[in-house]
Amino acid sequence: MSGLISPPNTQYTLLYFFASWHASHSQLSAVFKSLPALVPNKNCTFRTVEAETNTEESEKYGVKVVPTFVFLRDAEIWGKVEEGDPAKISRSLVSMCSGVQPQVQSFGNPTKHTKNEGTTGGVKDDGVVEKEGEGMVKRLNSMVRSAPCFVFLKGTPSSPKCGFSRQVCELLSNNKVPFVSFDILEDEGVRGGAKEVFEWPTFPMIYVGGELVGGLDVVRDMIEEGEFQDIVDES
Ligand SMILES: N[C@@H](CCC(=O)N[C@@H](CS)C(=O)NCC(=O)O)C(=O)O
(Lines give C-alpha, C1' and ligand atoms only; values in the text may rest on other atoms or scores of the structure.)
Protein backbone atom coordinates (compact mmCIF):
# COMPACT_ATOMS: atom_id res chain seq x y z
CA MET A 1 0.00 0.00 0.00
CA SER A 2 1.57 3.27 -1.07
CA GLY A 3 -0.07 5.61 1.45
CA LEU A 4 -1.45 9.03 0.64
CA ILE A 5 0.21 10.93 -2.14
CA SER A 6 1.71 14.44 -2.00
CA PRO A 7 1.70 17.27 -1.07
CA PRO A 8 3.42 15.84 1.99
CA ASN A 9 2.02 18.22 4.62
CA THR A 10 -1.58 17.79 3.61
CA GLN A 11 -3.76 16.64 6.49
CA TYR A 12 -6.42 14.06 5.86
CA THR A 13 -9.25 12.96 8.11
CA LEU A 14 -11.64 10.12 7.50
CA LEU A 15 -14.89 10.41 9.45
CA TYR A 16 -17.20 7.45 9.85
CA PHE A 17 -20.75 8.62 10.58
CA PHE A 18 -22.45 5.60 12.08
CA ALA A 19 -25.48 4.41 13.98
CA SER A 20 -24.91 1.41 16.24
CA TRP A 21 -28.31 -0.05 15.31
CA HIS A 22 -27.44 -0.22 11.61
CA ALA A 23 -27.06 -3.74 10.21
CA SER A 24 -23.61 -3.15 8.71
CA HIS A 25 -22.15 -1.23 11.67
CA SER A 26 -20.18 -4.02 13.34
CA GLN A 27 -18.62 -5.09 10.03
CA LEU A 28 -17.78 -1.54 8.95
CA SER A 29 -16.51 -0.65 12.39
CA ALA A 30 -14.01 -3.53 12.16
CA VAL A 31 -12.93 -2.37 8.70
CA PHE A 32 -12.57 1.21 9.93
CA LYS A 33 -10.40 0.12 12.86
CA SER A 34 -8.12 -1.81 10.52
CA LEU A 35 -7.57 1.11 8.12
CA PRO A 36 -4.69 2.83 9.96
CA ALA A 37 -2.71 -0.42 9.81
CA LEU A 38 -3.65 -1.06 6.18
CA VAL A 39 -2.81 2.45 5.04
CA PRO A 40 -0.14 3.80 7.38
CA ASN A 41 0.22 7.54 7.06
CA LYS A 42 0.94 9.96 9.85
CA ASN A 43 -1.00 12.71 8.05
CA CYS A 44 -4.27 10.80 8.10
CA THR A 45 -6.49 10.59 11.16
CA PHE A 46 -9.57 8.45 11.59
CA ARG A 47 -12.58 9.37 13.69
CA THR A 48 -15.99 7.85 14.29
CA VAL A 49 -19.01 10.13 14.74
CA GLU A 50 -22.37 8.91 16.04
CA ALA A 51 -24.57 10.52 13.39
CA GLU A 52 -27.78 10.91 15.39
CA THR A 53 -26.26 12.46 18.49
CA ASN A 54 -23.81 14.72 16.62
CA THR A 55 -26.39 16.51 14.51
CA GLU A 56 -24.25 19.63 14.11
CA GLU A 57 -21.39 17.70 12.56
CA SER A 58 -23.78 15.56 10.49
CA GLU A 59 -25.35 18.71 9.06
CA LYS A 60 -21.99 20.37 8.51
CA TYR A 61 -20.85 17.50 6.30
CA GLY A 62 -24.24 16.89 4.65
CA VAL A 63 -24.70 13.43 6.12
CA LYS A 64 -28.17 12.16 5.17
CA VAL A 65 -27.87 8.40 5.64
CA VAL A 66 -25.88 5.97 7.72
CA PRO A 67 -23.31 4.74 7.14
CA THR A 68 -21.54 7.71 5.55
CA PHE A 69 -17.78 8.15 5.32
CA VAL A 70 -16.52 11.70 4.81
CA PHE A 71 -12.96 12.18 3.69
CA LEU A 72 -11.47 15.59 4.51
CA ARG A 73 -8.37 17.07 2.96
CA ASP A 74 -7.08 20.01 4.96
CA ALA A 75 -10.52 20.22 6.59
CA GLU A 76 -12.34 20.47 3.23
CA ILE A 77 -14.61 17.67 2.01
CA TRP A 78 -12.61 15.66 -0.49
CA GLY A 79 -14.85 12.66 -0.90
CA LYS A 80 -17.75 10.71 0.48
CA VAL A 81 -18.89 7.12 0.51
CA GLU A 82 -22.48 6.44 1.47
CA GLU A 83 -24.48 3.34 2.46
CA GLY A 84 -24.64 0.01 0.68
CA ASP A 85 -22.65 -3.20 0.49
CA PRO A 86 -19.93 -3.25 3.20
CA ALA A 87 -17.47 -5.06 0.91
CA LYS A 88 -17.73 -2.33 -1.74
CA ILE A 89 -17.45 0.35 0.92
CA SER A 90 -14.33 -1.27 2.33
CA ARG A 91 -12.65 -1.43 -1.09
CA SER A 92 -13.50 2.18 -1.70
CA LEU A 93 -12.14 3.31 1.68
CA VAL A 94 -8.87 1.54 1.12
CA SER A 95 -8.58 3.06 -2.34
CA MET A 96 -9.39 6.54 -0.97
CA CYS A 97 -6.83 6.21 1.78
CA SER A 98 -4.24 5.04 -0.72
CA GLY A 99 -4.35 8.37 -2.47
CA VAL A 100 -6.83 7.77 -5.24
CA GLN A 101 -8.86 10.93 -5.82
CA PRO A 102 -12.24 10.08 -4.32
CA GLN A 103 -15.64 11.20 -5.50
CA VAL A 104 -19.05 11.00 -3.93
CA GLN A 105 -19.95 7.35 -4.12
CA SER A 106 -23.22 5.80 -3.12
CA PHE A 107 -23.52 2.06 -3.08
CA GLY A 108 -27.17 1.99 -2.13
CA ASN A 109 -29.80 1.42 -4.73
CA PRO A 110 -28.97 2.85 -8.13
CA THR A 111 -30.11 6.39 -8.73
CA LYS A 112 -32.67 6.49 -11.48
CA HIS A 113 -32.88 9.44 -13.80
CA THR A 114 -35.43 8.04 -16.19
CA LYS A 115 -38.27 9.95 -17.70
CA ASN A 116 -41.69 8.60 -16.76
CA GLU A 117 -43.61 7.13 -19.63
CA GLY A 118 -46.69 9.02 -20.66
CA THR A 119 -45.78 12.21 -18.89
CA THR A 120 -45.37 15.68 -20.18
CA GLY A 121 -42.77 16.42 -17.54
CA GLY A 122 -40.87 13.68 -15.76
CA VAL A 123 -37.66 13.70 -13.84
CA LYS A 124 -34.90 16.17 -14.50
CA ASP A 125 -31.23 15.34 -14.14
CA ASP A 126 -31.19 16.66 -10.59
CA GLY A 127 -33.99 14.27 -9.68
CA VAL A 128 -36.65 16.94 -9.17
CA VAL A 129 -40.03 16.43 -10.74
CA GLU A 130 -41.07 19.14 -13.11
CA LYS A 131 -44.29 20.72 -11.97
CA GLU A 132 -46.18 19.43 -15.02
CA GLY A 133 -45.02 15.84 -14.52
CA GLU A 134 -48.48 14.35 -14.27
CA GLY A 135 -47.16 10.79 -14.50
CA MET A 136 -45.06 11.24 -11.40
CA VAL A 137 -47.88 12.98 -9.53
CA LYS A 138 -50.23 10.07 -10.39
CA ARG A 139 -47.62 7.55 -9.38
CA LEU A 140 -47.02 9.26 -6.04
CA ASN A 141 -50.72 9.57 -5.35
CA SER A 142 -51.37 5.94 -6.13
CA MET A 143 -48.50 4.93 -3.83
CA VAL A 144 -49.72 6.95 -0.87
CA ARG A 145 -53.26 5.63 -1.36
CA SER A 146 -52.12 2.01 -1.54
CA ALA A 147 -52.78 1.41 2.17
CA PRO A 148 -54.68 3.11 5.02
CA CYS A 149 -51.27 4.08 6.42
CA PHE A 150 -48.37 4.60 4.03
CA VAL A 151 -44.85 5.81 4.76
CA PHE A 152 -42.01 7.06 2.56
CA LEU A 153 -38.93 5.78 4.38
CA LYS A 154 -35.19 5.81 4.02
CA GLY A 155 -34.59 2.07 3.89
CA THR A 156 -37.12 -0.56 4.86
CA PRO A 157 -38.79 -1.38 8.19
CA SER A 158 -36.42 -4.34 8.65
CA SER A 159 -33.37 -2.37 7.50
CA PRO A 160 -33.89 1.36 8.08
CA LYS A 161 -31.14 3.65 6.75
CA CYS A 162 -31.84 6.64 8.94
CA GLY A 163 -32.67 7.08 12.62
CA PHE A 164 -35.86 9.02 11.93
CA SER A 165 -37.13 6.25 9.65
CA ARG A 166 -36.20 3.65 12.24
CA GLN A 167 -38.07 5.56 14.95
CA VAL A 168 -41.24 5.95 12.92
CA CYS A 169 -41.31 2.20 12.15
CA GLU A 170 -40.91 1.43 15.85
CA LEU A 171 -43.58 3.96 16.79
CA LEU A 172 -46.13 2.60 14.33
CA SER A 173 -45.35 -1.02 15.20
CA ASN A 174 -45.52 -0.37 18.94
CA ASN A 175 -48.89 1.27 18.42
CA LYS A 176 -50.04 -1.63 16.23
CA VAL A 177 -50.62 0.52 13.17
CA PRO A 178 -50.05 -1.60 10.05
CA PHE A 179 -48.39 0.32 7.25
CA VAL A 180 -46.97 -0.05 3.77
CA SER A 181 -43.70 1.70 2.97
CA PHE A 182 -41.51 2.67 0.04
CA ASP A 183 -37.75 3.11 0.23
CA ILE A 184 -37.07 6.52 -1.31
CA LEU A 185 -33.36 5.68 -1.52
CA GLU A 186 -34.45 3.28 -4.30
CA ASP A 187 -35.63 6.08 -6.53
CA GLU A 188 -34.36 9.66 -6.65
CA GLY A 189 -37.36 10.70 -8.76
CA VAL A 190 -39.77 9.61 -6.04
CA ARG A 191 -37.53 11.21 -3.41
CA GLY A 192 -37.52 14.62 -5.11
CA GLY A 193 -41.09 14.27 -6.35
CA ALA A 194 -42.57 13.50 -2.95
CA LYS A 195 -40.93 16.59 -1.46
CA GLU A 196 -42.22 18.79 -4.25
CA VAL A 197 -45.70 17.36 -4.73
CA PHE A 198 -46.54 17.06 -1.01
CA GLU A 199 -44.53 20.14 -0.05
CA TRP A 200 -42.73 18.40 2.79
CA PRO A 201 -38.93 18.64 2.99
CA THR A 202 -37.89 15.53 4.91
CA PHE A 203 -38.35 11.80 5.37
CA PRO A 204 -40.10 9.89 6.79
CA MET A 205 -43.40 11.15 5.36
CA ILE A 206 -46.48 9.51 6.83
CA TYR A 207 -49.85 9.37 5.05
CA VAL A 208 -53.23 8.26 6.30
CA GLY A 209 -56.01 7.65 3.80
CA GLY A 210 -53.79 9.09 1.07
CA GLU A 211 -53.31 12.42 2.89
CA LEU A 212 -49.96 13.58 4.22
CA VAL A 213 -50.00 13.73 8.02
CA GLY A 214 -46.38 14.87 8.41
CA GLY A 215 -43.04 13.54 9.62
CA LEU A 216 -41.92 11.68 12.69
CA ASP A 217 -42.41 14.58 15.12
CA VAL A 218 -45.99 15.24 13.98
CA VAL A 219 -46.97 11.58 14.18
CA ARG A 220 -45.30 11.13 17.55
CA ASP A 221 -47.20 14.14 18.94
CA MET A 222 -50.48 12.87 17.48
CA ILE A 223 -49.95 9.42 18.96
CA GLU A 224 -49.18 10.96 22.35
CA GLU A 225 -52.38 13.01 22.13
CA GLY A 226 -54.36 9.92 21.07
CA GLU A 227 -55.28 11.58 17.75
CA PHE A 228 -53.44 9.35 15.31
CA GLN A 229 -55.53 6.21 15.81
CA ASP A 230 -58.68 8.29 15.29
CA ILE A 231 -57.64 9.40 11.81
CA VAL A 232 -56.54 5.86 10.93
CA ASP A 233 -59.94 4.52 12.05
CA GLU A 234 -61.76 7.21 10.06
CA SER A 235 -59.78 6.63 6.86
N1 LIG B 1 -37.77 15.96 12.66
C2 LIG B 1 -37.97 15.40 11.33
C3 LIG B 1 -36.77 14.62 11.00
C4 LIG B 1 -36.67 14.15 9.56
C5 LIG B 1 -35.38 14.63 8.87
O6 LIG B 1 -34.78 15.64 9.27
N7 LIG B 1 -35.02 13.92 7.80
C8 LIG B 1 -33.88 14.32 6.99
C9 LIG B 1 -32.70 13.40 7.27
S10 LIG B 1 -33.08 11.67 7.18
C11 LIG B 1 -34.27 14.27 5.50
O12 LIG B 1 -35.15 13.54 5.11
N13 LIG B 1 -33.63 15.12 4.68
C14 LIG B 1 -33.99 15.25 3.28
C15 LIG B 1 -33.44 14.19 2.39
O16 LIG B 1 -32.56 13.42 2.80
O17 LIG B 1 -33.87 14.11 1.23
C18 LIG B 1 -39.28 14.59 11.35
O19 LIG B 1 -40.09 14.91 12.19
O20 LIG B 1 -39.53 13.71 10.50
Side-chain angles (χ1 to χ4, degrees), residues 15-25 49-70 77 80-84 104-113 123-130 133 136 139-140 143-144 149-175 177 179-208 211-225 227-228 231-232:
L15 302 171
Y16 168 27
F17 287 84
F18 74 96
S20 50
W21 48 263
H22 194 275
S24 64
H25 174 58
V49 184
E50 190 158 16
E52 286 167 29
T53 50
N54 292 287
T55 46
E56 209 173 299
E57 223 171 350
S58 297
E59 273 169 31
K60 180 174 172 191
Y61 296 117
V63 173
K64 304 231 186 270
V65 292
V66 282
T68 293
F69 294 84
V70 178
I77 296 181
K80 248 187 205 178
V81 180
E82 296 173 338
E83 59 171 342
V104 173
Q105 296 183 34
S106 179
F107 295 125
N109 303 301
T111 301
K112 293 175 189 153
H113 289 308
V123 182
K124 291 185 202 166
D125 282 351
D126 59 2
V128 177
V129 177
E130 289 170 317
M136 178 55 86
R139 186 176 164 209
L140 291 168
M143 286 165 102
V144 303
C149 181
F150 176 89
V151 186
F152 281 123
L153 284 180
K154 283 189 179 176
T156 61
S158 57
S159 183
K161 299 266 170 57
C162 158
F164 301 117
S165 289
R166 179 181 60 88
Q167 288 176 59
V168 86
C169 291
E170 276 178 13
L171 197 59
L172 293 173
S173 301
N174 292 345
N175 285 277
V177 179
F179 62 96
V180 166
S181 66
F182 180 86
D183 178 4
I184 51 97
L185 298 174
E186 289 264 2
D187 191 321
E188 281 295 310
V190 170
R191 181 179 186 167
K195 288 181 185 173
E196 193 172 320
V197 170
F198 300 108
E199 298 180 346
W200 192 264
T202 55
F203 299 97
M205 289 184 201
I206 300 99
Y207 301 77
V208 172
E211 298 292 324
L212 177 69
V213 179
L216 171 67
D217 294 344
V218 175
V219 168
R220 188 191 282 124
D221 286 353
M222 287 181 77
I223 287 179
E224 275 169 18
E225 298 297 320
E227 293 165 2
F228 192 73
I231 61 164
V232 173

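Whatever order the structure lists them in is the order used to number ligands and atoms, beginning at 1.
Protein residues with a heavy atom under 4.0 Å from ligand 1 are K64, K154, C162, F164, R191, K195, P201, T202, F203, P204, G215, L216, D217.
Relative orientation of the F150 and F152 rings is perpendicular, given thresholds of 30° and 60° on the angle between their planes.
A pairwise comparison of heavy atoms in L212 and M205 identifies CD1-CB, 3.9 Å as the closest pair.
Between E50 and F18 the shortest side-chain heavy-atom distance falls below 4.5 Å.
The side-chain hydrogen bond (donor to acceptor under 3.5 Å, both in side chains) check on E211 picks up nothing, with sequence neighbours excluded.
A salt bridge links E188 with R191: the closest approach of a Lys/Arg side-chain nitrogen to an acidic carboxylate oxygen falls below 4.0 angstrom.
Checking side-chain atoms of K154 against main-chain N and O of F164 turns up no donor-acceptor pair under 3.5 Å.
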